[in-house]
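No experiment lies behind these values; they were computed from the predicted model shown. Lettering of chains follows the sequences in order, A, B, ..., and the numbering in each one begins at 1.
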2 protein chains.
Amino acid sequence: MEREKFKEFLITKGLKSTKERDEILNEVLAMKKHFDPEELFIRLKAKGSKVSRASVYRTIPLLLEIGIIEEVERTDRHAHYEIVSKDRHHDHMICMNCGNVIEFYSPTLEMLQDEICQKEKFQGLRHSLEIFGYCEKCRS
Amino acid sequence: MEREKFKEFLITKGLKSTKERDEILNEVLAMKKHFDPEELFIRLKAKGSKVSRASVYRTIPLLLEIGIIEEVERTDRHAHYEIVSKDRHHDHMICMNCGNVIEFYSPTLEMLQDEICQKEKFQGLRHSLEIFGYCEKCRS
DNA sequence: TTCATTGCAAAAGCTTTGCATGTGT
DNA sequence: ACACATGCAAAGCTTTTGCAATGAA
């Protein structure tokens with residue numbers, strides 16, 4: 001499914017489907033939560049793959065572009081990514097003039113909930129974020 | 001005010017009050033929004049200060065420790081910080097068992113609101129985040 | 001055959017650190 | 001005088017890039 005999307009994308013862009021790219025995508029899809037490039041590389045190595053770090057770093061922008069992964073907050077020194085899933089939590093932006101509601105999703109926000117809760121020793125189960133303001137049409 | 005806090009902190013820790021640390025703190029306090037180490041360094045240079053990048057990098061952890069600044073999300077390659085202000089927006093964690101409400105503040109969340117709104121061309125004015133779950137006492 | 005891709009190693013960008021020198025207390 | 005601080009330059013880490021060799025279409 002994601003695999004087909006990837007292949008299609010590569011063809012459309014005049015790029016090539018390679019063993020390395022397949023291996024990387026597979027490993028990304030095997031990740032449960034968010035990950036960083038080094039982690040991905042280590043796992044691939046551990047599985048006997050011969051991909052180089054360079055290929056991992058070069059494939060990530062492609063996966064970002066198709067929307068298979070998204071960038072999450074950088075907590076450490078390095079970048080973090082997570083897989084985009086279909087049925088996921090979303091939050092709302094509410095226009096104070098026309099009442100229009102815009103849904104949005106932010107992987108960073110989802111991570112943030114975990115971090116904040118951990119700091120307060122709170123067991124967070126769900127959250128609701130509402131941003132109030134004016135939508136594109138109604139803003140002056 | 002922040003300056004006294006800093007001096008006190010240094011004394012308590014057996015550290016020394018130096019011209020460089022003063023200059024850095026002053027420049028940090030002069031920053032309106034969030035900043036990164038390089039920006040801070042450039043500004044100090046521009047003002048004729050002779051502090052080194054190393055001192056900037058070595059002073060930041062101290063300011064973090066006293067709570068004069070907080071770390072904000074890393075959007076680029078480098079770290080960002082912002083000054084902690086007293087009367088600031090806060091959000092809530094609500095215990096679904098005892099109803100206890102914990103207030104918290106997250107600089108990253110504040111930045112996130114801006115970023116998300118920009119993406120959707122929404123003029124965000126305020127937000128409300130509520131995290132539901134169980135507090136330390138009530139979690140099983 | 002023709003380009004894109006790969007791996008390697010070198011480079012780049014941000015941050016940290018070792019060391020000799022300088023400076024508050 | 002004694003620690004701790006500072007500046008410099010070198011080292012450390014993560015990420016990017018140049019290049020020759022390789023491989024998909």
Side-chain angles (χ1 to χ4, degrees), chain A residues 3-4 6-28 34-66 69-81, chain B residues 3-4 6-28 34-45 47-66 69 71-81:
Chain A
R3 271 169 272 257
E4 281 82 58
F6 191 36
K7 286 232 162 84
E8 236 178 271
F9 168 83
L10 291 173
I11 292 166
T12 308
K13 281 235 159 187
L15 304 179
K16 285 164 187 171
S17 178
T18 65
K19 177 165 61 67
E20 289 81 1
R21 286 182 175 154
D22 284 356
E23 287 178 357
I24 293 169
L25 174 56
N26 282 338
E27 199 53 44
V28 163
H34 47 91
F35 61 91
D36 62 65
E38 184 65 14
E39 204 178 326
L40 193 54
F41 174 70
I42 300 282
R43 285 200 185 219
L44 284 161
K45 277 283 166 210
K47 289 199 173 171
S49 170
K50 289 186 179 50
V51 286
S52 65
R53 234 180 288 266
S55 289
V56 170
Y57 277 104
R58 285 194 271 236
T59 301
I60 285 174
L62 299 177
L63 299 178
L64 279 174
E65 195 177 341
I66 351 175
I69 59 173
E70 281 179 319
E71 186 162 356
V72 184
E73 177 180 9
R74 292 164 189 242
T75 304
D76 315 318
R77 182 85 53 79
H78 41 278
H80 284 255
Y81 304 91
Chain B
R3 270 168 273 257
E4 281 81 58
F6 191 36
K7 285 234 161 81
E8 236 179 272
F9 168 83
L10 291 173
I11 292 166
T12 309
K13 281 236 158 186
L15 305 180
K16 286 164 186 170
S17 178
T18 66
K19 178 166 60 66
E20 288 80 3
R21 287 182 174 154
D22 284 356
E23 286 179 357
I24 292 168
L25 174 56
N26 282 338
E27 199 54 44
V28 162
H34 47 91
F35 60 91
D36 61 67
E38 184 65 15
E39 203 178 326
L40 193 55
F41 174 70
I42 299 283
R43 284 200 185 218
L44 284 161
K45 277 283 165 207
K47 289 199 174 173
S49 169
K50 290 186 179 48
V51 287
S52 65
R53 233 179 289 265
S55 289
V56 170
Y57 276 104
R58 284 193 271 236
T59 301
I60 285 173
L62 299 177
L63 299 179
L64 278 174
E65 195 177 342
I66 350 175
I69 59 172
E71 187 162 355
V72 184
E73 177 182 8
R74 292 165 188 242
T75 304
D76 315 319
R77 183 85 53 78
H78 41 278
H80 284 254
Y81 304 91

Result for 5'-nearest mapping on DNA chain C, choosing between B/P61 and B/I11, is B/P61
What is the distance from [atom1] of [X] to [atom2] of [N], rounded to the nearest Å?
X: B/R53; N: C/dC14; atom1: CZ; atom2: P; value: 9 Å
X: A/Y57; N: C/dA9; atom1: OH; atom2: P; value: 17 Å
X: A/E23; N: C/dG7; atom1: CD; atom2: C1'; value: 14 Å
X: A/L15; N: C/dT5; atom1: CG; atom2: C1'; value: 10 Å
X: B/K7; N: C/dG24; atom1: NZ; atom2: C1'; value: 12 Å
X: A/E39; N: D/dC13; atom1: CD; atom2: P; value: 18 Å
X: B/L62; N: D/dT6; atom1: CG; atom2: P; value: 9 Å
X: A/H80; N: D/dT14; atom1: NE2; atom2: P; value: 10 Å

Would you say [X] has more than 12 foreign heavy atoms packed within less than 6.0 Å of its [atom1]?
X: A/E38; atom1: CD; value: yes
X: B/K50; atom1: NZ; value: no
X: B/K13; atom1: NZ; value: no

Scan B/K19 against the nucleic acid and name what it touches under 4.0 Å (heavy atoms): base, sugar-phosphate only, or nothing.
-> nothing
Phosphate OP1/OP2 of D/dC4 contacted by B/T18 side-chain N/O (<4.0 Å) | no
Produce the list of close N/O pairs, under 3.5 Å, pairing protein atoms with atoms of nucleotides 18-23 of chain C; give distances to one decimal.
unit_1	atom_1	unit_2	atom_2	d
C/dG18	O6	B/R58	NH1	3.4

What's the shortest heavy-atom distance between [X] and [Y], and which atoms?
X: B/I24; Y: B/S55; value: CD1-O, 3.6 Å
X: A/F41; Y: A/S52; value: CE1-C, 3.7 Å
X: B/E23; Y: B/L44; value: O-CD2, 3.6 Å
X: B/T59; Y: B/R21; value: OG1-CG, 4.1 Å

